[in-house]
Asker: 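My questions all concern the structure below.
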Amino acid sequence: MKDQIKLLEKEAKVLEPHPTERSLWQRKTEQYAFKFLDQLSNSKTYVQSSNEGKGLENHPIQDTPISIEEVLTILEENVDSPGLNPASGGHLGYIPGGGIFPTALGDYLAAITNRYAGIYFGGPGAVRMENLLIQWMCSIMGYPKSASGNLSSGGSIGNLIAIVTARDFKKITSQNIPNSVIYLTSQVHHCVQKAIRISGLNEIHTTYIPVDKDFKMDMNVLRQQIQEDINAGKNPFLLIGSAGTTDVGAVDPLEEMADIAKEFNLWFHVDAAYGGFFILTEEGKKKLKGIEKSDSLVIDPHKGLFLSYGLGTVLIKNVKAQQDAHFYQANYMQDAVVNQDALSPADLSPELTKHFRGLRMWLPLQLFGVAPFKAALSEKLLLTQYFYKKIQALGFEVGPFPELSVMIYRYIPQDGDANDFNAKLIQHVHKDGRVFLSSTTIEGVYWLRIAVLAFRTHLDTIDLCLKVLSEGIDLLKKEVVSEVVDKVIGD
Ligand SMILES: Cc1ncc(COP(=O)(O)O)c(C=O)c1O
């Protein structure tokens, strides 16, 4: 038996590469990463190609290894070439993030040391770091020191944790689900509806309160609706607001919502996944006033702090409620219960074994300090206002004045259907690829969006975006003229 064990050990020892091989892999990977970064400003933001990563299928996982050079070539051709490049400053669609460099160093160190950040007993330093980051976010959002939260994989899971906590705190069970009510608007991010469904609340009343011309929840209707529901014997329990909607960047009237929630004893949750970090700017602070009165909120460092994907945050004032909704004990965990000097993420979220996410946020904040983040966020607000002005000069119709850094606009052609025209315009932008924009449809109207949040987006990027749109319009107009000519000749 010992011989067999020794034989297997020899074979398995490959998993601990010799320092020479380790440094070769590291060097090659670093060269690849630096080349990627150095070429970013000259690379397309969106690449439409027939490849779409299909080459990966030619390299199935097998018993025998391949070289680092081969691995990186496969990666470059199949993963890092086709599609959207979210690291690019030209990413102006959906909600961009970026990928500031020290995030990678944080992930690297977290992966090498593999510190456990789930339970204080196992990784007191790692857990403490995550808790300190949560406390820092509580302080910037105006939450008390006693509040808690969780570093989640993203905003979707953050919203889920908050909704599950609200559900249990308000004692929503199978008995009263059909009678209970959640208030929200059609502008909430769809992960909120997903979270409602996943948390077993599919049969609850989700009442969509209308929005005003600026896409904010109508407070008169909200108050009236809650009162009517109470009179009808229903059980209003949760009010969900948005601080920066995905469609247009609107911030709901948070202060009034908080007051109404208090008056009617509702849990008030705010999804500030996109807009939350603008609180670091003077302008943003005014816009987000009232968020501090919420019971829970979501704020995403992989959006507003420009980290690469993989870090959202939920903050919850009532720690006990969060713990009651997520805590579970198991016999094999009995040693981990002792020595609890701090809250453990595993007791406050669905996760047990988790990535040590705190390090990817702590490292950049320590290495840069907060000041450059504030500057970058203020820059993004101004760039959006600049775009708002310039796009109108190009003849575009615009939606509301950008409250944060997302706005909608569309071109109304002299002839033909405006929705079709704008859909073709976005196709032109995607084909061109120098910048990436996305679109949305609101009440049957097709709008183009711009979302300025990538940290590499600067004035020259916005000017380039205006140029791409302007060229697109010229091209589409020519196409319309030639279609008309063809038709006349054909007739
Ligand atoms: C307002 C808002 N909430 C929630 C989410 C979901 O966050 P995530 O994609 O990190 O899960 C997004 C994503 O763009 C968002 O814009």
Side-chain angles (χ1 to χ4, degrees), residues 84 86 91-99 103 137 141 149-164 166 182 184-199 211 214-217 238-252 254 257 268-279 284 287-288 291 294 296-316 349-351 354-355 357 360-361 377 380 384 402-408 436-440 442 447 449-454 457:
L84 174 63
H91 181 14
L92 303 165
Y94 311 119
I95 301 291
T103 316
M137 285 183 272
M141 299 311 292
N150 183 249
L151 299 187
S152 56
S153 58
S156 301
I157 302 299
N159 276 300
L160 179 64
I161 292 173
I163 287 170
V164 164
I182 299 177
L184 65 177
T185 75
S186 58
Q187 290 293 303
V188 294
H189 190 270
H190 71 281
C191 74
V192 168
Q193 284 117 334
K194 247 166 104 169
I196 290 171
R197 196 176 67 205
I198 295 168
S199 57
V211 290
D214 292 328
F215 299 94
K216 293 161 184 272
M217 189 184 275
L238 174 61
L239 172 62
I240 301 178
S242 305
T245 58
T246 314
D247 257 352
V248 303
V251 180
D252 279 327
L254 303 174
M257 288 174 88
F268 179 33
H269 172 67
V270 180
D271 178 8
Y274 149 63
F277 277 106
F278 283 107
I279 208 157
K287 302 261 170 79
L288 298 176
I291 200 164
S294 59
S296 55
L297 67 88
V298 163
I299 172 177
D300 273 3
H302 71 187
K303 296 184 176 71
L305 277 191
F306 320 118
L307 306 191
S308 26
Y309 296 146
L311 187 55
T313 302
V314 60
L315 302 179
I316 298 182
S349 77
E351 291 182 295
K354 66 182 274 291
H355 177 45
R357 300 186 181 104
R360 68 199 320 276
M361 176 172 175
L377 288 163
K380 306 312 164 212
T384 319
E403 193 151 29
L404 297 172
S405 70
V406 174
M407 59 161 282
I408 49 170
F436 180 82
L437 294 167
S438 59
S439 65
T440 187
I442 303 176
W447 292 94
R449 294 170 67 256
I450 186 166
V452 186
L453 198 64
T457 300

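Note that the coordinates shown come from a computational prediction; the quantities given were computed from them, not determined experimentally. Atoms within each ligand, like the ligands themselves, are counted from 1 in listed order.
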Asker: Is there a side-chain contact between R449 and M407 in this structure, where contact means two heavy atoms from C-beta onward sitting under 4.5 Å apart?
Answerer: no

Asker: Checking T245 now: which residues fulfil side-chain contact (heavy atoms from CB on, under 4.5 Å) with it, not counting sequence neighbours?
Answerer: Q187, S242, V248, A250

Asker: Under 4.0 Å from a heavy atom of I95: give me the atoms of ligand 1 that qualify, with their elements.
Answerer: 14 (O), 16 (O)

Asker: In ligand 1, which numbered atoms sit nearer than 4.0 Å to a non-hydrogen atom of A273?
Answerer: 2 (C), 3 (N), 4 (C)

Asker: Using non-hydrogen atoms of the residue, decide whether G312 is closer than 4.0 angstrom to ligand 1.
Answerer: no

Asker: What do you reckon, does D300 have a nitrogen or oxygen under 3.5 Å from a nitrogen or oxygen of ligand 1?
Answerer: yes

Asker: Before signing off on this row, confirm whether D271 and ligand 1 have an N or O atom pair separated by under 3.5 Å.
Answerer: yes

Asker: Go through ligand 1 atom by atom and flag the ones less than 4.0 Å from a non-hydrogen atom of G154.
Answerer: 10 (O), 11 (O)

Asker: Strictly by salt bridge (charged side-chain N to carboxylate O under 4.0 Å, His left out), give each pair with a member in residues 297-309 just once, sequence neighbours left out.
Answerer: D300-K303

Asker: Would Y274 count as a polar contact of ligand 1, with the cut-off being nitrogen or oxygen pairs under 3.5 Å?
Answerer: no

Asker: Quick one: pull up NE2 in H302 and CG in L311 and give me the separation to the nearest 0.5 Å.
Answerer: 7.5 Å

Asker: Anything under 30° is parallel, anything over 60° is perpendicular, the rest tilted; go ahead and classify Y94 against F436.
Answerer: tilted

Asker: Just jot down the ligand 1 atoms closer than 4.0 angstrom to any heavy atom of G244, in number order.
Answerer: 1 (C)

Asker: I'd like to know whether V314 forms a side-chain contact (heavy atoms from CB on, under 4.5 Å) with N159, so could you lay out the CA-CA distance, the side-chain angles of the two residues, the decisive distance to 0.1 Å, and finally the verdict.
Answerer: CA-CA 7 Å; V314 60; N159 276 300; over 6 Å; no

Asker: Note the single closest protein heavy atom to atom 9 (O) of ligand 1, along with its residue, its atom name and the distance in Å.
Answerer: K303 NZ, 3.8 Å

Asker: With a 3.5 Å distance limit and no angle check, can you tell me whether H189 reaches the backbone of C191 through a side-chain donor-acceptor pair?
Answerer: yes

Asker: Identify, for atom 16 (O) of ligand 1, the protein heavy atom at the shortest distance, and state residue, atom and that distance.
Answerer: T246 OG1, 3.0 Å

Asker: Measure the shortest side-chain to side-chain distance between I279 and K287 over non-hydrogen atoms and say whether it is less than 4.5 angstrom.
Answerer: no

Asker: What residue and atom, counting heavy atoms only, is the protein's closest point to atom 15 (C) of ligand 1, and at what distance?
Answerer: H189 CD2, 3.2 Å

Asker: Is the shortest heavy-atom distance from the side chain of S296 to the side chain of L315 under 4.5 Å?
Answerer: no

Asker: Atom 11 (O) of ligand 1: which protein heavy atom is closest, and how many Å away?
Answerer: S156 OG, 2.6 Å

Asker: Do G155 and ligand 1 have an N or O pair less than 3.5 Å apart?
Answerer: yes

